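This report concerns only the one structure given below.
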Amino acid sequence: MGIKDLLRFMKPYVEPIHIKKYAHKRVGIDAYSWLHKGAYSCSMELCLNTEGDKKYQYINYCMHRINMLRHHNITPVLVFDGGNIPCKALTEQQRHSKRKDNRELAMAKLKEGDTNAAIEMFQRAVSITPLMAHQLIQILRSENIEFVVAPYEADAQLAYLSSLDADKGGIAAVISEDSDLLAYGCSSVIFKMDRYGNGEEIVIDKVFDSVGRLPSFLHFDKELFTGMCVLAGCDFLPSVPGIGIAKAHALVSKYRNLDRVLSVLKYDKGDQMPKDYFTSFREALAVFQHARIYDADSKRLKHLTPLGETLLNYSDEELDFLGPELSSSQASAIAEGQLDPCTMMGFNEFPSCNGQPKKSIAVNNRSMKQEATTEGCFPIVSSSKPGTKKITVVDRTKPEPSLERLSNLKQLISPSNNDIHVNPAKRSSVVPNNNPFKRKKESTVLNECATEHSEVTEVEDLEMTPNSQKSVESKKKVTSGKKAESKSESNKNTILNFFSRV
DNA sequence: AAGCGGTTAAGAT
DNA sequence: TTAACCGCTT
């Protein structure tokens, strides 16, 4: 993943930092990396789609980290991946097939009765689905945490936000595990951040300005750096055999011009180079430089950096390697988490009653997209008539799963029955019935065919910083102007107890 | 000296 | 899954 060996190569420029360095700043988060780490603890449940609380532990993980950031007065901005771009199709395909193999191995182990071995395989089989992202997004909405779904690569969106001033929605740093961020020109990236906020930072300007440190980037600029990354091998294009990060750096240092590097490469390695390497290289470079990103200000797609003369002359089809252009309404519906960027269908509707045409926006849809379509409605079954007042309902017949694990958590759930909650505005503020971050108000059926469907009414901030006994100040959120009542003092200890055990 | 395949140890949840 | 290391090859 990312640029081959880049982080190892950049080791001399890595500085250990604590996230509190960014107190009172906005910090972007590559949501995929957290979702993926969080999914480890519930990989089997996710793969088998087992009903129960455990399946949602990845949300738990993400919220812990978000609350840690908030504890340090950092404003988190979560950025989710959107559709796949064509030149990443091969990488995606390889990952998908590996996961499929591991899934089959896991199922075999399960059949044998070797659960431990099965879990190990399931951990290699989990993929992050748009549905999982959507479920986290619903919590983020209710917690008023900023997020955006990128039209394509989250990394590109993060790099864009990194280029903006804070008052224009910009971010001061990015938390990620992916070295691609540097190739996209992100100014400050924090890798390997742990649960306490310790991480390793690379600041790109320090790299360019550093005198006497090796490897030297003194005569590099962003374009040369990105070129070096593409030469070394990235998700969009494998490297020419025999070229790794060190050779790529040496070539770019020596010639200081990517065209010259390419012609030298052709001369030296012409026989081992794919015929279309030159074209592929230019496209990969262009993705890193001019990826399509969502501009929240104009509510349109834009390019990460403006297209140069050559690319400006390209037709729409010729620019499709950046991912197809999207209309303003599509782009903003995706960005705001209402449209599944892979299927272009709404999250809260049945596929059958969704009027959106299924535009193919990507060569390869995400793996396990069937979850995103057929199960995207789970556990929501609500009216699709626009403008109709929605009545939300919790199915009381369904037992709460894993109650023994959630004995404390259960106390968070409001026992009040027959509490009708009409909420026409928030079509999408729907969370799983057993979302451990919510106290739920339950509603009765008033109309239509609604079945199980819970409505967010209140959110607790969760203290999880082990070093600190001070609680993060609880920020109560209100849906539809409904004031949330606080039971936080009586519940805080039980919350603390619960999360100290997790 | 660097790339690259293979192996092994450590880390996370 | 990554990071580090080994040994072989270019």
Side-chain angles (χ1 to χ4, degrees), chain A residues 1-12 14 16 30 32-47 50 52-65 68 91 94-96 98-99 101-103 105-106 115-128 132 136 175-180 189-200 202 214-216 228-229 231-235 238-254 261 264-265 267-273 402 405 436 464 466 498-502:
Chain A
M1 202 158 127
I3 312 300
K4 211 165 159 262
D5 280 335
L6 181 65
L7 287 185
R8 190 177 53 80
F9 193 69
M10 300 299 287
K11 256 291 155 38
V14 169
D30 178 7
Y32 179 90
S33 70
W34 281 6
L35 283 169
H36 213 272
K37 283 192 197 172
Y40 274 108
S41 57
C42 49
S43 54
M44 186 158 83
E45 288 72 16
L46 285 168
C47 287
T50 318
D53 290 326
K54 203 172 177 204
K55 197 168 97 181
Y56 299 104
Q57 268 198 269
Y58 63 91
I59 291 180
N60 218 323
Y61 179 99
C62 295
M63 293 312 293
H64 269 86
R65 298 211 157 196
M68 184 270 289
T91 310
Q94 288 166 350
R95 283 176 192 163
H96 182 244
K98 264 189 197 163
R99 282 197 275 259
D101 294 347
N102 285 321
R103 192 196 154 89
L105 282 168
T115 317
N116 285 338
I119 288 173
E120 210 169 288
M121 299 318 290
F122 276 129
Q123 286 178 342
R124 301 180 193 186
V126 263
S127 60
I128 305 307
M132 288 167 69
L136 177 57
I175 299 168
S176 176
E177 303 300 320
D178 195 343
S179 54
D180 277 345
V189 189
I190 297 156
F191 300 98
K192 301 179 176 69
M193 193 191 74
D194 68 15
R195 71 180 86 181
Y196 311 115
N198 298 111
E200 301 181 346
I202 295 181
L214 294 176
S216 169
M228 176 192 79
C229 291
L231 286 167
C234 61
D235 285 352
S239 71
V240 173
I243 303 294
I245 186 70
K247 290 252 175 76
H249 174 262
L251 284 167
V252 174
S253 296
K254 185 169 176 187
V261 169
V264 170
L265 210 55
Y267 184 79
D268 289 348
K269 306 251 176 194
D271 46 338
Q272 300 168 66
M273 267 168 83
S402 331
R405 290 189 64 257
M464 29 52 66
F498 177 73
F499 283 103
S500 63
R501 284 190 280 112
V502 180

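Since the model is a prediction, treat every value here as computed from it, not as a measurement. Below, chains carry the letters A, B, ... as their sequence lines are ordered, and counting in each starts from 1.
Computed from coordinates, the A:Asn102 CG to C:dT1 C1' distance equals 12 Å when rounded to whole Å. In this entry the distance linking CZ of A:Phe191 with C1' of C:dT1 reads 16 Å, nearest Å. Note: CG (A:Leu214) to P (B:dA2) measures 11 Å, nearest angstrom.
With sequence neighbours excluded, no residue forms a side-chain hydrogen bond (donor to acceptor under 3.5 Å, both in side chains) with A:Asp180. Listed by chain and number, the residues in a side-chain hydrogen bond (donor to acceptor under 3.5 Å, both in side chains) with A:Asp5 are A:Arg8 (sequence neighbours excluded). With sequence neighbours excluded, no residue satisfies salt bridge (charged side-chain N to carboxylate O under 4.0 Å, His left out) with A:Lys98. Take A:Glu45 and apply the salt bridge (charged side-chain N to carboxylate O under 4.0 Å, His left out) test, not counting sequence neighbours, and it matches A:Lys54. Remark: A:Ala248 engages A:Met228, A:Leu231, A:Ala232, A:Ile243 in a side-chain contact (heavy atoms from CB on, under 4.5 Å) (not counting sequence neighbours). By the side-chain contact (heavy atoms from CB on, under 4.5 Å) test, A:Asp194 is found to be paired with A:Tyr196, A:Asn198, residues two or more places apart in sequence or in another chain being considered. Evaluation of the ring-ring contact (aromatic ring centres under 6.0 Å, His included) rule for A:Phe9 yields A:His249 as partners, not counting sequence neighbours.
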Scan nucleotides 2-10 of chain C against the protein and return all N/O pairs shorter than 3.5 Å with their distances rounded to 0.1 Å.
none

>> Can you build the contact string for nucleotides 4-13 of chain B? Use B for base contact, S for sugar-phosphate-only contact, and - for no protein heavy atom under 4.0 Å.
In response: S--------B

> Could you go step by step and tell me if A:Ile202 and A:Leu7 meet the side-chain contact (heavy atoms from CB on, under 4.5 Å) rule?
Replying inline: CA-CA 9 Å; A:Ile202 295 181; A:Leu7 287 185; 4.1 Å; yes

